[in-house]
Protein chains: 2
Amino acid sequence: MKIDPDSTTGLSVQIAAAIRNSIVEGALIVGERLPSEAELAEQFDVSRSTVREALKRLAAQSLIKTQRGAFGGAFVNRMSYADATKQLVTTSTLLLSMNEVSFDTACEARFALEKACAPMAAKRRKPKQLKVMRAEIERQSVANLSDESFCTSDVAFHLALIDGAQNPVLSYQLSGSIEAMQPLMNMITFTARSRAEIVAIHTDILNAVEAFDGAKVSDALERLEAYTVKLAHTVMSEKDKARAKNGPSIRQL
Amino acid sequence: MKIDPDSTTGLSVQIAAAIRNSIVEGALIVGERLPSEAELAEQFDVSRSTVREALKRLAAQSLIKTQRGAFGGAFVNRMSYADATKQLVTTSTLLLSMNEVSFDTACEARFALEKACAPMAAKRRKPKQLKVMRAEIERQSVANLSDESFCTSDVAFHLALIDGAQNPVLSYQLSGSIEAMQPLMNMITFTARSRAEIVAIHTDILNAVEAFDGAKVSDALERLEAYTVKLAHTVMSEKDKARAKNGPSIRQL
DNA sequence: TGCAATTTAAATGTCAGACTTTTAAATGTC
DNA sequence: GACATTTAAAAGTCTGACATTTAAATTGCA
């Protein structure tokens, strides 16, 4: 673990990279305690603040966790599915919101992945997933639900569906593309009619999953994708019309 | 953007969260310059070092980039696909290496996603992707190639395949699951025979993609998955035997 | 002896202030 | 006008101090 004080890259960046490598390569294993900040400062021949900045970088990536007090310090963190999902959602959300990704492209990716998951989910689903899906459909049917709550429930429904595949890696990967789309979905105002349509398709999915019928799930997902895209286009073209009347917008989809 | 000095969570964590929210919610837009560290310190009523630690956390997530010198400062970063992919690969790699995820589970997830992508790739692929795939097959056929180089080329081949779908979001998502598996694949020693088998399947994929035949691509991917799993099991059971002779191992797959 | 309260020491967290380096704009010079 | 110099703003780094937290060690008491 050596760093170059004359490099143009900052010292704290180099130190973070050095420690990150040690973790990825297995030289530092889960739960292991790193040397104290003071010791690291001496080892790398930098000040304690520089070491701290490096450690904060690693903490932001969930690579380490710090604990205060005697016998505290920085410990290599076991990356949990929850940690990883949080990271993935933040990254994906920003990627989508900052890169003029069209709604259609994001939607296509999301449903392509979900459809890949559907047959497995239909085959392996447990009562637990059916229960969650049913509960979310109930919630979505409530009349006075806000658009945002509707979207949140929608996300929960689909996460339950993919959980049915009983593959945590798949759940992790998919949760990224599904949750990251929520800000985009939140832009849509759901009329009572469109909600009824979506709930109907969700019900089809639930029934198909319950019947272990993967093909039917895929079919329903395809319909849902088509309907979602159509809905988004309608909403967006209406907003376009409003924009044309009210002058240039501040931000576009 | 307010923080609570009496909270148990650290000040730099709170400040990072506050700024992150401003970015995610759109209050700070891409390219915008944050106040200088000194100004932020005054605004939040903390020391400059605390502000710096907060900024380093955000920089580690590619949310901001800092520039030195006059008219420098911290700027909201446009999350690029490259940035996002790097984050995703780091996270996924650690998730897989630290959580006793079975090879089969990771492999299943990876191929499920890739199969989802295959029909689209077959339909839309451009000469560019064919060219890359062909070049990588060439590389994989070289006799004296190291196992690691073989794996690297394997990754490049599959990335080219999914690029064929012409959906950058999909490419981003998939690159995570494919690249993150590389450390697991690197544990396998590829015999000349197994390499020949893999190259043969890759060639089938290339030909099917060239012929716009999505079904054939999916079929080939299924064979590749089965073969990969079989190969991994063979290697692992042999390592198990070696372990049984040589005593307990330090790390298991 | 056994347990509860207290002390202690080792860490991280925070602060304050100084100095270094980088960088672009402003200024000066030919 | 083109080029060199100065300047000022900002991040990067260093030093040293103090605050806070925490678990272990010690002490005190029954």
Side-chain angles (χ1 to χ4, degrees), chain A residues 1-20 22-23 28 31-77, chain B residues 1-20 22-23 28 31-77:
Chain A
M1 291 215 296
K2 282 280 156 58
I3 61 167
D4 172 18
D6 299 333
S7 164
T8 55
T9 43
L11 296 176
S12 72
V13 177
Q14 290 182 61
I15 293 170
I19 298 176
R20 188 181 300 114
S22 297
I23 294 175
L28 291 167
E32 193 169 339
R33 179 177 172 257
L34 273 65
S36 74
E37 295 174 352
E39 287 172 310
L40 286 171
E42 202 178 2
Q43 278 183 34
F44 287 112
D45 196 28
V46 297
S47 74
R48 206 184 131 210
S49 10
T50 304
V51 167
R52 280 182 62 78
E53 287 178 13
L55 294 180
K56 295 316 144 204
R57 289 186 142 94
L58 300 176
Q61 294 184 307
S62 304
L63 280 159
I64 61 170
K65 282 205 171 142
T66 56
Q67 213 175 345
R68 296 179 70 169
F71 295 76
F75 298 84
V76 179
N77 183 41
Chain B
M1 292 215 296
K2 281 282 155 57
I3 60 168
D4 172 18
D6 299 331
S7 165
T8 55
T9 43
L11 295 176
S12 72
V13 178
Q14 290 181 60
I15 292 170
I19 297 176
R20 182 164 31 242
S22 297
I23 295 175
L28 292 167
E32 192 168 342
R33 179 178 173 263
L34 275 65
S36 73
E37 295 174 353
E39 287 171 309
L40 285 172
E42 201 177 3
Q43 278 183 36
F44 287 113
D45 195 29
V46 297
S47 73
R48 206 185 131 210
S49 3
T50 304
V51 167
R52 280 184 61 79
E53 288 178 12
L55 294 179
K56 294 316 142 203
R57 289 178 197 273
L58 299 176
Q61 293 183 307
S62 304
L63 280 158
I64 61 169
K65 285 209 169 136
T66 57
Q67 211 174 344
R68 297 178 70 170
F71 295 77
F75 298 85
V76 178
N77 183 40

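Lettering of chains follows the sequences in order, A, B, ..., and the numbering in each one begins at 1. Below, each value reflects all heavy atoms present in this structure, side chains not excepted, and no hydrogens, waters or symmetry copies. As the structure is a prediction and not an experimental result, all values here were calculated from the model.
- For B:F75 and D:dA11, the CZ to P distance is 9 Å, given to the nearest whole Å.
- Distance CG (B:L55) to P (C:dT14): 14 Å, rounded to an integer number of Å.
- The minimum heavy-atom distance between A:R57 and A:S12, with the atom names listed, is NH1-OG, 2.6 Å.
- By the 6.0 Å contact criterion, CG on B:D4 is enclosed, its count of non-hydrogen atoms from other residues, nucleotides or ligands being greater than 12.
- Position along DNA chain C of the nearest nucleotide to A:A70 versus A:T66 favours A:A70 as the more 5'-ward residue.
- Rounded to 10 degrees, the angle separating the terminal helix axes of the helix from C:dT1-D:dA30 to C:dC30-D:dG1, each built from five base pairs, is 10°.
- Regarding B:R52, its CZ atom lies at a distance of 15 Å from the P atom of D:dT15, rounded to whole Å.
- In this structure, the CD atom of A:E37 is 14 Å from the C1' atom of D:dT20, given to the nearest Å.
- Looking at B:T50, B:L40, B:L55 one by one, the single match for side-chain contact (heavy atoms from CB on, under 4.5 Å) with B:I15 turns out to be B:T50.
- When all heavy atoms of A:A38 and A:R48 are compared, the closest pair comes out as N-CG, 4.4 Å.
- In this structure, CD1 of A:I64 is placed 12 Å from C1' of C:dT12, rounded to the nearest angstrom.
- Contact of A:R68 with D:dT20 (side chain to base): a donor-acceptor pair of N or O atoms is detected under 3.5 Å.
- One interatomic measurement links the two molecules: CD of A:Q14 to C1' of D:dT13, which rounds to 13 Å at whole-angstrom precision.
- Between the side chain of A:N77 and the backbone N or O of A:S62 there is at least one donor-acceptor pair closer than 3.5 Å.
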Which pairs, protein N/O on one side and nucleotides 15-19 of chain C N/O on the other, fall under 3.5 Å?
from   : atom 1 : to    : atom 2 : distance (Å)
C:dC15 : OP2    : B:S47 : N      : 2.9
C:dC15 : OP2    : B:S47 : OG     : 3.4
C:dC15 : OP2    : B:T50 : OG1    : 2.8

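- Closest of all the heavy-atom pairs between A:I64 and A:A74 is CD1-CB, 4.1 Å.
- Considering all non-hydrogen atoms of both residues, B:S36 and B:R33 come closest at CB-NH2, 3.9 Å.
- The neighbour count for B:E32 CD, taken as heavy atoms of other residues, nucleotides or ligands under 6.0 Å away, is above 12.
- With C:dT12, C:dA24, C:dT14 as the candidates, the nucleotide lying closest to the side chain of A:S36 is C:dT12.
- Residue A:K56 places no side-chain N or O under 4.0 Å from the OP1 or OP2 atom of C:dT12.
- Rounded to a whole Å, the CD atom of A:E53 is 7 Å from the P atom of D:dG12.
- Whole-Å rounding puts the A:F71 CZ to C:dA10 C1' distance at 8 Å.
- By the 4.0 Å N-to-carboxylate-O rule, B:E53 lies too far from A:K56 to be salt-bridged with it.
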